[in-house]
Amino acid sequence: MTTFDYESLIVSIPDYPEPGVVFKDITPLLADPEGFNAVIDGIAEHFAGKGITKVVGAEARGFMIGAPVAARMGAGFVPARKPGKLPRETVSESYALEYGTDSLEIHADALSPEDKVLMVDDLIATGGTAAAQVKLIECVGAELVGMGFLMSLDFLEPEKVVGAVTDVEMFSLVHVK
Ligand SMILES: O=P(O)(O)OC[C@H]1O[C@H](OP(=O)(O)OP(=O)(O)O)[C@H](O)[C@@H]1O
Ligand SMILES: Nc1ncnc2[nH]cnc12
């Protein structure tokens, strides 16, 4: 298991993007070659041997972590995109975030019932984005095997929202209590 002090390269920004929210800025960690590699290895190694065929990641920060994890695991990558960005038939889910509401879409044929899926994102806060992706993955009939995050804001209790839609493992490299 790779060990790295991820938190030393994550910056907390108070009252961004709105009062009361402490934004976790991961751009310094992404820019650090050793740190970025440790994040990708840390998530990929945790789920190695589980037969993952596809990684699903949400626009935009989920792409930054999910796509390299997929490549590292020898899996395909399926983007969950913000509305109106995918050209063919889609399935769509709306959800609430720490700041506002949004929707995600995946192509209706992006996954098959044979797929074993790992969902990956940089951060889980309320769990709304993750729960929406669970619904999208299950809507197209694929098997969700687990979820991997760089960081979990545990004080927001995301497991309550996610636990209402799935009981798969929620793995995070960093926990903020
Ligand atoms: O657990 P939740 O409360 O749903 O929040 C987590 C989501 O919030 C961020 O994405 P955001 O929607 O801000 O979009 P971005 O990746 O484009 O910055 C983050 O990358 C997660 O996807
Ligand atoms: N506090 C936070 N920091 C960074 N990204 C987020 N997405 C949702 N909540 C967030």
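In each ligand, atom 1 is the first atom listed, and ligand 1 is the first ligand listed. Worth saying up front: this structure is predicted, and the values here are computed from it rather than measured. Hydrogens, waters and symmetry mates are skipped; everything else that's a heavy atom, side chains included, is used. In this chain, residues are counted from 1 in sequence order.
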Pairs under 3.5 angstrom only: tabulate donor-acceptor contacts from the side chains of residues 90-104 to other protein residues two or more places apart or in another chain.
residue: Ser94; atom: OG; partner: Ser103; partner atom: OG; Å: 2.9
residue: Tyr99; atom: OH; partner: Arg61; partner atom: NH2; Å: 3.4

Report all side-chain donor-acceptor pairs from residues 163-177 shorter than 3.5 Å, counting only partners two or more places apart or in another chain.
residue: Thr166; atom: OG1; partner: Val168; partner atom: N; Å: 3.2
residue: Glu169; atom: OE1; partner: His46; partner atom: NE2; Å: 3.2
residue: Glu169; atom: OE2; partner: His46; partner atom: NE2; Å: 2.7
residue: His175; atom: ND1; partner: Asp154; partner atom: OD1; Å: 3.2
residue: His175; atom: ND1; partner: Asp154; partner atom: OD2; Å: 2.9
residue: Lys177; atom: NZ; partner: Asp154; partner atom: OD2; Å: 3.3

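Of all the atoms in ligand 2, the ones that sit under 4.0 Å from a non-hydrogen atom of Leu153 are 1 (N). Counting the atoms of ligand 2 from 1 in the order shown, those under 4.0 Å from a heavy atom of Ala125 are 8 (C), 9 (N).
Contacts classified as salt bridge (Lys or Arg N to Asp or Glu O under 4.0 Å) and involving residues 128-146 (residues at least two apart or in different chains) are not found.
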message: Let's go through Tyr16 and Val21 carefully: what are the C-alpha distance in whole Å and the side-chain angles of both, what is the deciding distance for side-chain contact (heavy atoms from CB on, under 4.5 Å) to 0.1 Å, and is it a yes or a no?
response: CA-CA 6 Å; Tyr16 178 88; Val21 175; over 6 Å; no
task: Take Asp122 and Met151, measure what side-chain contact (heavy atoms from CB on, under 4.5 Å) needs, and give me the verdict at the end.
output: CA-CA 6 Å; Asp122 66 321; Met151 170 173 284; over 6 Å; no
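With hydrogens left out, the protein atom closest to atom 5 (N) of ligand 2 is Arg61 NH1, 2.9 Å, a heavy atom. Nearest protein heavy-atom neighbour of atom 10 (C) of ligand 2: Glu98 OE1, 3.2 Å. In terms of protein heavy-atom proximity, atom 3 (N) of ligand 2 is closest to Lys24 N, 2.9 Å. In this structure, the protein non-hydrogen atom closest to atom 7 (N) of ligand 2 is Tyr99 OH, 3.1 Å.
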For ligand 1, what N or O to protein N or O distances fall under 3.5 Å?
residue: ligand 1; atom: 1 (O); partner: Ala125; partner atom: N; Å: 2.8
residue: ligand 1; atom: 1 (O); partner: Thr126; partner atom: N; Å: 3.1
residue: ligand 1; atom: 1 (O); partner: Gly127; partner atom: N; Å: 2.8
residue: ligand 1; atom: 3 (O); partner: Thr126; partner atom: N; Å: 2.9
residue: ligand 1; atom: 3 (O); partner: Thr126; partner atom: OG1; Å: 2.5
residue: ligand 1; atom: 4 (O); partner: Gly128; partner atom: N; Å: 3.4
residue: ligand 1; atom: 4 (O); partner: Thr129; partner atom: N; Å: 2.8
residue: ligand 1; atom: 4 (O); partner: Thr129; partner atom: OG1; Å: 2.5
residue: ligand 1; atom: 13 (O); partner: Arg61; partner atom: NH2; Å: 3.0
residue: ligand 1; atom: 13 (O); partner: Tyr99; partner atom: OH; Å: 2.8
residue: ligand 1; atom: 14 (O); partner: Lys82; partner atom: NZ; Å: 3.3
residue: ligand 1; atom: 16 (O); partner: Ala60; partner atom: N; Å: 3.0
residue: ligand 1; atom: 16 (O); partner: Arg61; partner atom: N; Å: 2.9
residue: ligand 1; atom: 17 (O); partner: Ala60; partner atom: N; Å: 3.2
residue: ligand 1; atom: 17 (O); partner: Lys82; partner atom: NZ; Å: 3.4
residue: ligand 1; atom: 18 (O); partner: Arg61; partner atom: NE; Å: 3.0
residue: ligand 1; atom: 18 (O); partner: Arg61; partner atom: NH2; Å: 2.9
residue: ligand 1; atom: 20 (O); partner: Asp121; partner atom: OD1; Å: 3.4
residue: ligand 1; atom: 20 (O); partner: Asp122; partner atom: OD1; Å: 2.6
residue: ligand 1; atom: 22 (O); partner: Asp121; partner atom: OD1; Å: 3.4
residue: ligand 1; atom: 22 (O); partner: Asp121; partner atom: OD2; Å: 2.6

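Within 6.0 Å of atom CD in Glu89, 12 or fewer heavy atoms from other residues, nucleotides or ligands are found, so the atom counts as exposed in its surroundings. The 12-atom threshold is exceeded at CD of Glu159, counting heavy atoms of other residues, nucleotides or ligands nearer than 6.0 Å.
The nearest pair of heavy atoms linking Met73 to Ala48 is CE-N, 4.1 Å. Across all their heavy atoms, Asp15 and Gly20 have their closest contact at OD1-N, 2.8 Å.
Residue-to-ligand polar distances place Val22 within reach of ligand 2: an N/O pair is separated by less than 3.5 Å.
Using a 4.0 Å heavy-atom cutoff, Thr129 is absent from the residues neighbouring ligand 2.
Side-chain contact check for Phe23 versus Val11: every heavy-atom pair is 4.5 Å or farther apart.
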